[in-house]
There are 2 protein chains.
Amino acid sequence: GLRVANEVKGVEKVIINDVNADALEIASESAKINNLENFEISEDETCRFLSSHSRKNSRASIVDIDPFGSPSRYIDCAIRATMHGGMLALTATDLQVLHGLFNKAAKRRYYGTPIKTEFSNEIAIRLIIGCVSFVAGRLDISFQPLFVDHDMHYYRTYLKILNTPDQEENIGYIIFCRNCKDRYSHTSRLTKCRKCNHETEIAGPLWIGKLFEKEFVSQMKNIRKELTVHKRCERILDRSEEEADMPATYYTLDEIASKMNSAPLKLSDAISKITSSGFKASTTSLNPSGFRTDCEIDEIIKIFSAK
Amino acid sequence: GLRVANEVKGVEKVIINDVNADALEIASESAKINNLENFEISEDETCRFLSSHSRKNSRASIVDIDPFGSPSRYIDCAIRATMHGGMLALTATDLQVLHGLFNKAAKRRYYGTPIKTEFSNEIAIRLIIGCVSFVAGRLDISFQPLFVDHDMHYYRTYLKILNTPDQEENIGYIIFCRNCKDRYSHTSRLTKCRKCNHETEIAGPLWIGKLFEKEFVSQMKNIRKELTVHKRCERILDRSEEEADMPATYYTLDEIASKMNSAPLKLSDAISKITSSGFKASTTSLNPSGFRTDCEIDEIIKIFSAK
């Protein structure tokens, strides 16, 4: 919050709310040291604070929810406090729930359940956005994911809020076959593998729409020229732009190598092999050795096996 | 609200909130005429009004949501404004959505879809309570339905709110076979009829727990001695008490008669036939010619056919 008030141009006002008076004290001190005048603090229960900004002309252009654990219980109030066209950012740190250790809690918090896979972080992010979709639908609000981000201990999603009911159905399931490693998103719970007829594992209901808005990511890339940006961030932005229009779920090189009983390919080789066979393929910001493709598992193996 | 302030003993204060200033004006006038001093009006957006009463010691013992159409968008705020052990009452008048005319809207508002049946009103009520369960779970709140009520153009549910996470799983589906008329609630979507192997129709996810708390209904019956109660209300209370512990879904006499190609039985005869065969059976407040039973459809027909 302090950094936004200090570093982002054109910010009229930042209000930081917390129930912890000590944290607010520290924020106030820092604001003073930095001579910030566009900065306020508020000590209130989160939803009451957000509700005090739910009136049409008092809504925020950016609402950023960063709680201990799950943001799930704040979603309604956060949506109501975000203006039409504004951005809602949500951070989740309840990784055990989102990774499938406590499916009852996942269902209660996110209205869907994960499965344990190599691409669990994508499922986690899609569960969070799926929950937003359930809540927003009830409030006749729609949204578009702009960007998602993750690190060791958190997931973060950035959504553009629109005060119009949703026209599209972006809720569905991720179908995964642990036997043949096939994976894809679908609007129905398909319990038999389309490749090997094995029983599938199913995550969801969750968000199966896009995670990135290409135009937004490209604007982020443009701005980086004016800033000092870490190499790692540059790579994340490049990959996010590349994968923006690709299908849900990714594969990892290790997984496929182990399935093929061979050494993993280099990521760039894997992608060029797939694309030169006429399929789409891209890296993913969610995993350094992951790739997205519209090519299905049996075909991937055929392509990777070819000399 | 005015009647509660005027007629219910021990009511400290009633606050009526509306966005319509004219309606509030009329309420104020009526309060004056009735010399009510325990009565306030508030002109605010519903959720902001409710949020101003979400602090622990400012919550209400009864929150009554009576909007145009669906109460769905107010559920989170209404729960937060209800004290531990207090009662949340919700009225819904969006009958077309709840009866299966607009399933997309039903899913968006209530997180489940209805099916068109003879017992559509029960499905509607269970969809409303199911939605409350989804919202409450996310807020780590649980509840018990105390009573449900319906008339021509509305459904009303009365729930006891508890500030403890839910221990029980009361969300599931109603499975209905249009071919053999079998119906029951289940935690899974069972797509084949257990009786005739026909494809089933499935409503939900929705609330499959109890709709009535017997003790609460019995207390309502006790109070009626002090009041002038309409015959129709007396009958509703009697039937609600009777059906409180019975299974979800009811049958109607007409339905079974048409299936059997015979004239419908008298309700009392139908029930005594079933109970004297060793099954449970009761009337239902939801339908004058409906009955609940733990006896399944093939057995019901056998019993009704017996001379």
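The chains referred to below are lettered A, B, ... by the order of the sequence lines, with proteins before strands, and numbering in each begins at 1.
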Q) Would you call Arg178(A)-Glu201(A) a salt bridge at under 4.0 Å N-O? A)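 So Arg178(A) pairs with Glu201(A) through a salt bridge.
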Q.
I need the residue from Arg109(B), Glu169(B), Arg48(B) with the largest number of non-hydrogen atom pairs under 4.5 Å to chain A.
A.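 Winner by heavy-atom pair count: Arg48(B).
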Q) For the rings on His150(B) and Tyr154(B), is their centre-to-centre separation under 6.0 Å? A)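 Ring centres of Tyr154(B) and His150(B) not closer than 6.0 Å.
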Q.
Does Arg194(A) qualify as a cation-pi partner of Tyr184(A), given the criterion of NZ or CZ under 6.0 Å from the six-membered ring centre and within 45 degrees of its axis?
A.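 Checked: cation-pi criterion met.
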(Q) Students often mix this up, so state it plainly: with edges at 30° and 60°, are the rings of Phe134(B) and Tyr111(A) parallel, tilted or perpendicular? (A)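 Perpendicular.
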Q: Between chain B and each of Lys104(A), Arg189(A), Arg55(A), count heavy-atom pairs under 4.5 Å; write down the option with the most.
A: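 Of Lys104(A), Arg189(A), Arg55(A), Arg55(A) has the most heavy-atom pairs under 4.5 Å with chain B.
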Q | Residue part contacting chain A, namely of Arg80(B), when any heavy atom lies under 4.5 Å | A |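 For Arg80(B), the side chain is the part near chain A, not the backbone.
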